[in-house]
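Following: one structure in structure tokens, then a few remarks.
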Amino acid sequence: MRTALVIGTGLIGTSVAMALAQRGVVVHLADHDPEQARTAAALGAGTDEAPEGVVDLAVVAAPPAHVAGVLGDAMRRGVAYGYLDVASVKGGPRRELEALGADLSRYLGTHPMAGREKSGPLAASAELFEGRPWVLTPTRDTDTEVLNLALELVSHCRAVPVVMDADAHDRAVALVSHMPHLVSSLVAARLEHAEESAVRLSGGGIRDVTRIAASDPRMWIDILSANPGPVAELLSDVAADLDETVRALRALESGDDEKRRTGAAGIEDVLRRGNAGQIRVPGKHGSAPRVYEVVGVLIDDQPGQLARIFADAGRAGVNVEDVRIEHATGQQAGLVQLMVEPKAAPLLSAALRERGWGVRQ
Ligand SMILES: NC(=O)C1=CN([C@@H]2O[C@H](COP(=O)(O)OP(=O)(O)OC[C@H]3O[C@@H](n4cnc5c(N)ncnc54)[C@H](O)[C@@H]3O)[C@@H](O)[C@H]2O)C=CC1
Ligand SMILES: O=C(O)C(=O)Cc1ccc(O)cc1
């Protein structure tokens with residue numbers, strides 16, 4: 001691929017454009033808000049000038065409700081050889097495009113399974129898709145050259161291609177993305193009017209559960225509107241489990257031993273099923289989850305502390321696989337949790353202690 005046109009230069013479009021530009025592709029950037037395309041260009045994602053001829057690939061990264069319209073328009077103008085979109089839902093845009101009478105052989109619906117709770121070009125990163133699954137939904141009609149262009153794009157973004165049927169994709173993301181998003185919002189919503197004295201005790205658990213609730217509601221209304229059936233089905237299963245869980249908790253309140261035993265068994269069942277599901281969630285690069293050891297390092301909130309810890313870990317020859325930071329409430333201090341291979345943990349602890357860090361393992 002030599003040239004590309006990215007239409008919709010927000011978080012995903014700009015991240016794709018940055019990755020392509022870094023691999024030497026000439027990238028043109030367009031957005032219905034020219035300011036967004038200008039910002040993406042200033043970040044090194046390409047040029048916001050229109051291409052002179054037909055580009056190899058057009059990538060539509062607009063909100064899902066606009067995807068079919070934008071694709072249909074670009075195809076009518078003949079701006080590219082191949083066309084793909086990156087919307088979080090796949091069945092709806094394809095059907096809408098079909099209804100517009102577009103030539104579907106030059107179109108491929110795709111979805112990178114990576115993102116953030118932030119929007120816009122300033123949140124973009126060329127590394128966003130590294131190691132993440134990128135779903136491609138070709139049909140028998142898809143032009144082989146268009147599929148090859150898409151595979152080249154996925155490879156430039158260092159993602160892992162996964163081929164799926166569009167409707168199967170939508171059912172899958174209902175389970176691993178759309179239903180969890182709503183559950184995250186529902187949990188976070190309980191905090192809206194809660195007492196400050198309670199909220200300030202929040203720690204890593206609630207932060208993990210509510211992180212995606214910070215996302216832009218307009219985008220998510222679009223996503224959920226395009227996949228309401230599968231999400232409603234899953235949420236109604238969650239609602240049935242919630243009813244059971246409430247019944248079990250009420251039984252635990254009872255004065256009757258037998259009822260309390262039944263209640264405890266009900267709660268244990270939920271927690272064990274949770275363990276069994278959680279263990280199936282793949283690790284950070286889409287591989288089987290790895291068990292890391294945590295090395296805790298106490299820091300005070302001064303600039304450069306994290307960089308120094310990473311430098312010291314590097315000097316000790318230890319690869320930090322993941323990191324979490326716990327800030328102590330109301331204090332200028334925190335605990336940095338470094339996740340490392342179990343065999344590297346004692347080495348890292350010793351090296352950091354030697355360099356004067358307060359280590360807790
Ligand atoms: N946010 C995420 O984590 C992920 C999002 N996606 C999908 O990527 C697409 C883009 O999402 P984000 O980059 O997160 O959104 P964003 O809000 O950061 O960017 C969307 C961009 O599209 C532009 N836009 C809106 N209507 C347009 C139109 N008619 N023509 C041209 N540009 C238009 C907006 O001005 C904005 O710059 C969506 O379809 C979304 O479902 C896919 C994977 C992850
Ligand atoms: O922030 C996260 O962890 C996400 O999972 C983001 C995300 C949002 C929408 C998608 O279609 C894909 C990924």
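No experiment lies behind these values; they were computed from the predicted model shown. Whatever order the structure lists ligands and atoms in, that order sets their numbers, starting from 1.
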Discussion item. At less than 4.0 angstrom from any non-hydrogen atom of His111, what atoms of ligand 2 do you find?
Written reply: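 It comes down to these atoms of ligand 2: 10 (C), 11 (O), 12 (C).
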Item to complete: Using a strict cut-off of 4.0 Å, indicate which atoms of ligand 2 neighbour a heavy atom of Trp220.
Response: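 Taking each heavy atom of Trp220 in turn, ligand 2 has 8 (C), 9 (C) under 4.0 Å.
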Worksheet item: In the single-linkage hydrophobic clustering (I, L, V, M, F, W, Y; side-chain heavy atoms under 4.5 Å), do Leu122 and Leu11 co-cluster?
Response: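 Hydrophobic grouping puts Leu122 apart from Leu11.
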Item to complete: Answer yes if Leu149 and Val154 sit in the same cluster of Ile, Leu, Val, Met, Phe, Trp and Tyr residues linked by side chain heavy atoms under 4.5 Å apart, and no otherwise.
Response: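 Cluster IDs for Leu149 and Val154 match.
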Discussion item. Test of understanding: given a 4.0 Å heavy-atom threshold, classify the contact between Val173 and ligand 2 as side chain, backbone, both, or neither.
Written reply: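 It is neither; nothing of Val173 touches ligand 2.
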Does any N or O of ligand 1 fall below 3.5 Å from an N or O anywhere on [X], backbone included?
X      : value
Ile7   : no
Val70  : no
Lys118 : no
Arg116 : yes
Pro63  : no

Should you measure from each heavy atom of [X], which atoms of ligand 1 turn up under 4.0 Å away?
X      : answer
Gly10  : 13 (O), 16 (P), 18 (O), 19 (O), 21 (C), 37 (O)
Val86  : 6 (N), 7 (C), 8 (O), 42 (C)
Pro64  : 38 (C), 39 (O), 41 (O)
Ser119 : 17 (O), 18 (O)
Pro112 : 43 (C)

Worksheet item: atom 1 (O) of ligand 2: protein heavy atom closer than 4.0 Å?
Response: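 Yes.
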Practice prompt. Tell me, please, whether Tyr81 has Arg106 positioned over its six-membered ring: NZ or CZ under 6.0 Å from the ring centre and within 45 degrees of its axis?
Written response: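 Yes, Arg106 lies over the aromatic ring of Tyr81.
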How does [X] reach ligand 1, if at all, at less than 4.0 Å between non-hydrogen atoms: by side chain, backbone, both, or neither?
X      : value
Ile12  : both
Gln36  : side chain
His111 : side chain
Ala114 : backbone

Worksheet item: Does Arg211 have a non-hydrogen atom less than 4.0 Å from ligand 2?
Response: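 The answer is yes: ligand 2 sits under 4.0 Å from a heavy atom of Arg211.
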Discussion item. Considering both backbone and side-chain atoms of Ser177, is one of its nitrogen or oxygen atoms within less than 3.5 Å of a nitrogen or oxygen in ligand 2?
Written reply: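 No; every N/O pair is 3.5 Å or more apart.
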Discussion item. When you compare ligand 2 with Ser88, is there at least one nitrogen or oxygen pair between them that comes in under 3.5 angstrom?
Written reply: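 N/O-N/O distance under 3.5 Å: yes.
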Worksheet item: If we only count heavy atoms from C-beta on, is the Leu43 to Pro121 side-chain gap below 4.5 Å?
Response: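 When only atoms from C-beta onward are counted, Pro121 and Leu43 do touch, with a gap below 4.5 Å.
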Discussion item. Using the side-chain contact (heavy atoms from CB on, under 4.5 Å) criterion, which residues pair with Glu98? Sequence neighbours excluded.
Written reply: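 For Glu98 the side-chain contact (heavy atoms from CB on, under 4.5 Å) partners, ignoring immediate neighbours, are Leu104.
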Discussion item. In terms of relative ring orientation, are Phe129 and Trp134 parallel, tilted or perpendicular, with 30° and 60° separating the classes?
Written reply: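 Judged by the thresholds at 30° and 60°, the geometry between Phe129 and Trp134 is tilted.
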Practice prompt. Enter the distance from His181:NE2 to Ile223:CD1 here, rounded to the nearest 0.5 Å.
Written response: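 It is 7.5 Å, given to the nearest 0.5 Å.
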Worksheet item: Is the count of non-hydrogen atoms from other residues, nucleotides or ligands lying under 6.0 Å from Arg260 atom CZ greater than 12?
Response: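 Atom CZ in Arg260 is crowded, with more than 12 foreign heavy atoms closer than 6.0 Å.
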Just list the side-chain donor-acceptor pairs under 3.5 Å for residues 64-74, sequence neighbours left out, or say none.
| unit_1 | atom_1 | unit_2 | atom_2 | d |
| --- | --- | --- | --- | --- |
| Asp73 | OD2 | Arg77 | NE | 3.3 |

